[in-house]
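Order of the sequence lines fixes the chain letters, A, B, ..., with proteins taken first and strands second; residue numbering starts at 1 for each chain.
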Number of protein chains: 2
Amino acid sequence: MSESFPNGNSARSTRQKRALAGALARSSSFRSAQDLHAELRLRGERVGLTTVYNQLRALADTGELDVLRTDEGESLYRRCSSGQHHHHLVCRSCGMAVEVEADAVEAWAEAVARRNGFTAITHTVELTGVCPNCQ
Amino acid sequence: MSESFPNGNSARSTRQKRALAGALARSSSFRSAQDLHAELRLRGERVGLTTVYNQLRALADTGELDVLRTDEGESLYRRCSSGQHHHHLVCRSCGMAVEVEADAVEAWAEAVARRNGFTAITHTVELTGVCPNCQ
DNA sequence: GATCTTATTTGCAATGATTACCACTATTGA
DNA sequence: TCAATAGTGGTAATCATTGCAAATAAGATC
Ligand SMILES: [Mn+2]
Ligand SMILES: [Mn+2]
Ligand SMILES: [Zn+2]
Ligand SMILES: [Zn+2]
């Protein structure tokens with residue numbers, strides 16, 4: 001008996017995945033799918049837009065990428081260094097992001113929610129501004 | 001000299017505006033445009049979906065309504081009692097919301113941003129959970 | 001290396017909320 | 001009453017994102 005992947009677990013290494021991973025690795029900004037796809041095309045990498053969307057979604061689902069949504073509803077992705085829970089201070093001009101921790105905020109959120117009898121709490125905390133370079 | 005409205009300022013009272021205002025007034029939940037439009041139709045009020053969208057956007061622009069976006073990208077509106085800056089603890093099941101203040105968080109956000117040299121700072125802080133009624 | 005299984009890729013057609021148009025209607029000041 | 005124009009709302013267009021189904025290609029097995 002040699003069931004290849006009983007639990008539906010696999011993962012093939014493809015040219016497209018590597019190209020996208022590269023683009024994400026060399027960027028410290030939050031990027032959109034369209035944006036990343038455009039960069040790959042410029043680099044001569046031939047990757048379908050649908051593939052970029054698929055992969056970004058998959059990577060975000062497994063927690064390998066952080067996601068945030070612009071006011072216009074566009075999803076932006078970034079590979080964060082910290083695997084820990086954290087938040088971001090993002091430049092609204094270039095997308096550059098700084099990872100920040102906020103233990104105090106975590107505690108506050110938990111307390112407020114509990115005080116009001118809410119359960120299954122989650123929170124969103126994002127800081128936006130203009131970075132030093134973009135002033 | 002009797003220039004009616006030099007700075008483009010006016011505001012007419014219409015049946016549609018009153019109907020929408022009413023729906024918003026009697027709800028303490030964040031509601032979508034579609035949702036509000038559906039309610040108006042049920043009530044027998046004849047209001048176009050486009051009008052609902054137009055008005056909600058206009059009211060949000062003037063700060064008369066608070067807006068937040070779901071993970072699916074849908075905009076939800078609510079008429080908040082406080083005109084002051086505040087945040088929300090929202091039930092992800094029924095949309096019911098509690099207004100919360102967070103001076104500590106305000107200070108933290110300001111400090112973090114300044115420490116990193118960011119300017120023109122804004123912040124997003126939303127708490128989501130399941131309210132007592134929906135458990 | 002040949003072969004097979006199926007994970008991935010990808011062009012193209014939906015989706016779905018929101019907006020642009022714009023001709024038509026109705027409020028309000030005179 | 002009447003003109004000026006804010007407001008309305010049906011319909012078409014936008015646009016990021018997803019569904020689909022056929023074509024491609026890892027990589028395990030022979
Ligand atoms: Mn947190
Ligand atoms: Mn605040
Ligand atoms: Zn910047
Ligand atoms: Zn609830």
Side-chain angles (χ1 to χ4, degrees), chain A residues 1-23 30-41 43-62 64-65 67-78 95, chain B residues 1-24 30-41 43-62 64-65 67-77 95:
Chain A
M1 28 203 71
S2 58
E3 287 193 6
S4 308
F5 293 104
N7 311 334
N9 216 353
S10 74
R12 295 176 182 177
S13 173
T14 68
R15 172 176 59 75
Q16 293 88 337
K17 284 183 182 176
R18 283 189 296 275
L20 180 58
F30 272 92
R31 315 277 298 279
S32 69
Q34 311 267 355
D35 185 18
L36 287 164
H37 178 249
E39 177 182 321
L40 293 181
R41 290 202 63 188
R43 290 214 158 213
E45 307 275 7
R46 197 176 315 289
V47 181
L49 178 57
T50 300
T51 297
V52 173
Y53 271 107
N54 283 340
Q55 285 308 318
L56 288 176
R57 184 151 46 100
L59 291 171
D61 285 345
T62 63
E64 294 178 66
L65 290 182
V67 195
L68 64 80
R69 309 196 46 143
T70 66
D71 292 332
E72 294 78 38
E74 195 175 24
S75 291
L76 304 181
Y77 302 83
R78 178 180 192 266
Chain B
M1 33 197 68
S2 60
E3 289 193 6
S4 309
F5 293 104
N7 313 335
N9 218 353
S10 74
R12 294 178 182 176
S13 173
T14 67
R15 172 176 57 77
Q16 293 88 337
K17 284 184 183 177
R18 284 189 296 276
L20 181 56
L24 287 166
F30 272 92
R31 315 276 299 279
S32 69
Q34 313 267 356
D35 185 19
L36 287 163
H37 179 249
E39 178 183 321
L40 293 180
R41 291 202 62 189
R43 290 212 158 215
E45 307 276 8
R46 198 175 314 290
V47 182
L49 177 58
T50 299
T51 297
V52 174
Y53 271 108
N54 284 340
Q55 286 307 319
L56 289 176
R57 184 150 46 101
L59 292 171
D61 285 346
T62 63
E64 294 177 65
L65 289 182
V67 194
L68 64 80
R69 309 196 44 144
T70 66
D71 291 333
E72 294 77 39
E74 196 176 24
S75 291
L76 304 181
Y77 302 83

Could you state the atom-to-atom distance from [atom1] of [X] to [atom2] of [N] in whole Å?
{"X": "Q34(B)", "N": "dG16(C)", "atom1": "CD", "atom2": "P", "value": "10 Å"}
{"X": "L49(B)", "N": "dG10(D)", "atom1": "CG", "atom2": "C1'", "value": "11 Å"}
{"X": "H37(B)", "N": "dG16(C)", "atom1": "NE2", "atom2": "C1'", "value": "16 Å"}
{"X": "L76(A)", "N": "dT17(D)", "atom1": "CG", "atom2": "C1'", "value": "14 Å"}
{"X": "D61(B)", "N": "dG7(D)", "atom1": "CG", "atom2": "P", "value": "13 Å"}
{"X": "R15(B)", "N": "dA26(C)", "atom1": "CZ", "atom2": "P", "value": "9 Å"}
{"X": "R12(B)", "N": "dC24(C)", "atom1": "CZ", "atom2": "P", "value": "18 Å"}
{"X": "Q55(A)", "N": "dT10(C)", "atom1": "CD", "atom2": "C1'", "value": "12 Å"}

Among dT11(D), dT17(D), dT10(C), find the nucleotide with the atom closest to the side chain of V47(A).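 So the nucleotide nearest the side chain must be dT10(C).
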Keeping R78(A) on the side-chain end and G95(A) on the backbone end, is there a donor-acceptor pair under 3.5 Å?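 Judged by distance alone, no pair lies under 3.5 Å.
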Let me know, please, whether G48(A) or N54(B) comes out on the 5' side of the other along DNA chain C by nearest nucleotide.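 Closest to the 5' end, via its nearest nucleotide, is G48(A).
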Report yes if at least one side-chain N or O of [X] is closer than 4.0 Å to OP1 or OP2 of [N]; otherwise report no.
{"X": "Q16(A)", "N": "dT10(C)", "result": "yes"}
{"X": "S13(A)", "N": "dA26(D)", "result": "no"}
{"X": "R57(B)", "N": "dT19(C)", "result": "yes"}
{"X": "Y53(B)", "N": "dT18(C)", "result": "yes"}
{"X": "T14(A)", "N": "dA7(C)", "result": "no"}

Under 4.0 Å, counting only non-hydrogen atoms across every strand here, what does [X] touch: a base, just sugar-phosphate, or nothing?
{"X": "E72(B)", "result": "nothing"}
{"X": "S32(B)", "result": "nothing"}
{"X": "R46(A)", "result": "sugar-phosphate"}

Heavy-atom count check: over 12 atoms from other residues, nucleotides or ligands less than 6.0 Å from R41(B) CZ?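 12 or below, so no.
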Can you establish whether the number of heavy atoms outside R46(A) located under 6.0 Å from its atom CZ is more than 12?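 Atom CZ in R46(A) is not crowded, with 12 or fewer foreign heavy atoms closer than 6.0 Å.
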Taking salt bridge (charged side-chain N to carboxylate O under 4.0 Å, His left out) as the definition, give me every residue that meets it alongside R69(B), ordered by chain and number, with sequence neighbours left out.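 Scan of R69(B) (salt bridge (charged side-chain N to carboxylate O under 4.0 Å, His left out), adjacent residues dropped) gives none.
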Just checking, any donor-acceptor pair under 3.5 angstrom between side chains of E64(B) and T62(B)?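 Yes - a donor-acceptor pair under 3.5 Å links their side chains.
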So, under a plain 3.5 Å distance rule, would you say the side chain of T50(B) forms a donor-acceptor pair with the base of dT11(D)?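 It does, because a donor-acceptor pair links the side chain of T50(B) to the base of dT11(D) below 3.5 Å.
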